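Below: the structure, in structure tokens.
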Amino acid sequence: YFQENLEIERKEGTTPDRIILETNVEEKATGELQLSAGFSSLERFIVSFSITQRNFRGKGQELRASVNYSTYSKSVELGFTEPYFLDKNIALGGDIFRRDLNSFNFGQDNSRNRTYQQVTTGFQIRAGVPITEYLTLATRYGLSFDDITLDRATYFTNGACDPLIAGRYLCDTLGKRTTSSVGYSLIYDTRDNRIRPRRGHSVVLNQDFAGLGGSVRYIRTRLDARSAA
């Protein structure tokens, strides 16, 4: 949270076996603001906004918010992390989000017809604790609600989703569903700098289990390995 080039001055103390160390501490910028805009032939105008404060209230807490908007997709996310929960070396945080996704196809007159819509709302609770100097364990619990709809004029026949047109998989996912999942990550990281590493490597193992209630069940395993050259 402070500038990198600290100068420490050593002075004599009140007795020969004591010294005084003086330093001028200057807080560096801990806030970050990003704003971007663009144009896509598919999504038309795209706007993205995010703000992050890594030393919220001067306690090292991280607060972040982001908004993404385009003609066919929208999302809002808000997150908070307490790095020293109950004055312990335990990071505790949470996120809440809302995502709207729309799909479309082109008609004969080159018009855009919306065919698919998915609205997802949910939250996640996270906790992390260091095991060794290089190994960290992170756990999480997430709960999300999905509402998926299809254009009835395009994919429905006699009031029901037609699998010959939409496909069996898409017809089976229609409606509302709830995903309740727990997961963990094992992170082994020896890099000298996480933003611009010059040496070291990182290995991350992720596993998520859905099915603690809700209507969705799965097991997902991911492994990511990187090495700094």
Side-chain angles (χ1 to χ4, degrees), residues 1-6 24-103 117-130 136-147 178-185 187 189 191-198 200 202 204 206 208 220 222 224 226 228:
Y1 306 111
F2 306 103
Q3 83 276 17
E4 296 180 359
N5 298 323
L6 296 178
N24 295 322
V25 177
E26 180 181 347
E27 183 180 9
K28 66 180 180 181
T30 56
E32 181 178 297
L33 177 65
Q34 293 184 349
L35 178 63
S36 60
F39 180 83
S40 166
S41 59
L42 294 178
E43 297 214 39
R44 306 288 175 83
F45 287 101
I46 304 172
V47 178
S48 178
F49 169 83
S50 67
I51 183 170
T52 303
Q53 174 53 255
R54 295 184 178 87
N55 194 19
F56 183 60
R57 301 192 302 168
K59 296 183 177 181
Q61 300 166 337
E62 181 177 294
L63 180 67
R64 61 187 181 278
S66 64
V67 177
N68 295 281
Y69 178 88
S70 71
T71 304
Y72 295 97
S73 64
K74 306 171 183 63
S75 68
V76 177
E77 297 189 26
L78 180 65
F80 176 81
T81 302
E82 167 58 64
Y84 296 101
F85 182 64
L86 298 178
D87 292 328
K88 306 289 186 180
N89 198 12
I90 300 174
L92 183 67
D95 306 277
I96 56 175
F97 55 86
R98 163 71 182 260
R99 305 184 186 108
D100 293 11
L101 174 65
N102 293 277
S103 183
Q117 182 177 32
Q118 179 176 351
V119 178
T120 303
T121 306
F123 70 89
Q124 185 182 81
I125 300 174
R126 300 171 279 102
V129 58
T136 301
L137 172 65
T139 61
R140 55 190 169 271
Y141 170 77
L143 182 65
S144 62
F145 305 92
D146 293 280
D147 186 7
T178 303
T179 303
S180 176
S181 65
V182 295
Y184 73 91
S185 298
I187 306 165
D189 195 337
R191 294 174 296 175
D192 59 338
N193 188 299
R194 295 187 178 184
I195 299 177
R196 296 182 181 89
R198 289 176 293 181
S202 69
V204 182
N206 298 290
D208 292 279
R220 179 172 58 200
R222 292 173 293 176
D224 179 78
R226 302 183 184 186

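Quantities reported herein were computed from a predicted structural model and do not represent experimental measurements.
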Nearest 0.5 Å, please: how far is [atom2] in [Y] from [atom1] in [X]?
| X | Y | atom1 | atom2 | answer |
| --- | --- | --- | --- | --- |
| D147 | T178 | CG | OG1 | 10.5 Å |
| F49 | S36 | CZ | OG | 11.0 Å |
| S70 | N102 | OG | CG | 8.5 Å |
| R99 | N68 | CZ | CG | 10.0 Å |
| I125 | R140 | CD1 | CZ | 13.5 Å |
| D208 | Y184 | CG | OH | 9.5 Å |

How far apart are the closest heavy atoms of [X] and [Y], and which atoms are they?
| X | Y | answer |
| --- | --- | --- |
| S180 | L143 | CB-CD1, 3.9 Å |
| F80 | R126 | O-NH2, 3.4 Å |
| I90 | V129 | CG1-CG2, 4.4 Å |
| A65 | L78 | CB-CD1, 3.8 Å |
| D192 | P197 | OD1-CA, 3.4 Å |

Could you check if a side-chain atom of [X] sits within less than 4.5 angstrom of a side-chain atom of [Y], using non-hydrogen atoms only?
| X | Y | result |
| --- | --- | --- |
| T121 | F97 | no |
| R98 | S75 | no |
| L33 | L35 | no |
| T179 | D146 | yes |

**Request:** Determine, step by step, whether E77 and R64 satisfy the salt bridge (charged side-chain N to carboxylate O under 4.0 Å, His left out) criterion, reporting the C-alpha distance in whole Å, the side-chain angles of both residues, the deciding distance to 0.1 Å, and the verdict.
**Result:** CA-CA 8 Å; E77 297 189 26; R64 61 187 181 278; over 6 Å; no
**Request:** Begin with the C-alpha distance, continue with both residues' side-chain angles, and end with the deciding distance and a verdict on salt bridge (charged side-chain N to carboxylate O under 4.0 Å, His left out) for R226 and D224.
**Result:** CA-CA 7 Å; R226 302 183 184 186; D224 179 78; 3.3 Å; yes
**Prompt:** Is a donor on one side and an acceptor on the other found under 3.5 Å between the side chain of D95 and the backbone of F123?
**Reply:**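 No, the answer is negative, given that no donor and acceptor are paired below the 3.5 Å cut-off.
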**Message:** Show, in sequence, the C-alpha distance, side-chain angles and deciding distance for S66 and Q34, and conclude whether the side chain to side chain contact (heavy atoms under 4.5 Å, CB included) test is met.
**Reply:** CA-CA 9 Å; S66 64; Q34 293 184 349; over 6 Å; no
**Request:** Begin with the C-alpha distance, continue with both residues' side-chain angles, and end with the deciding distance and a verdict on side chain to side chain contact (heavy atoms under 4.5 Å, CB included) for V67 and K74.
**Result:** CA-CA 8 Å; V67 177; K74 306 171 183 63; over 6 Å; no
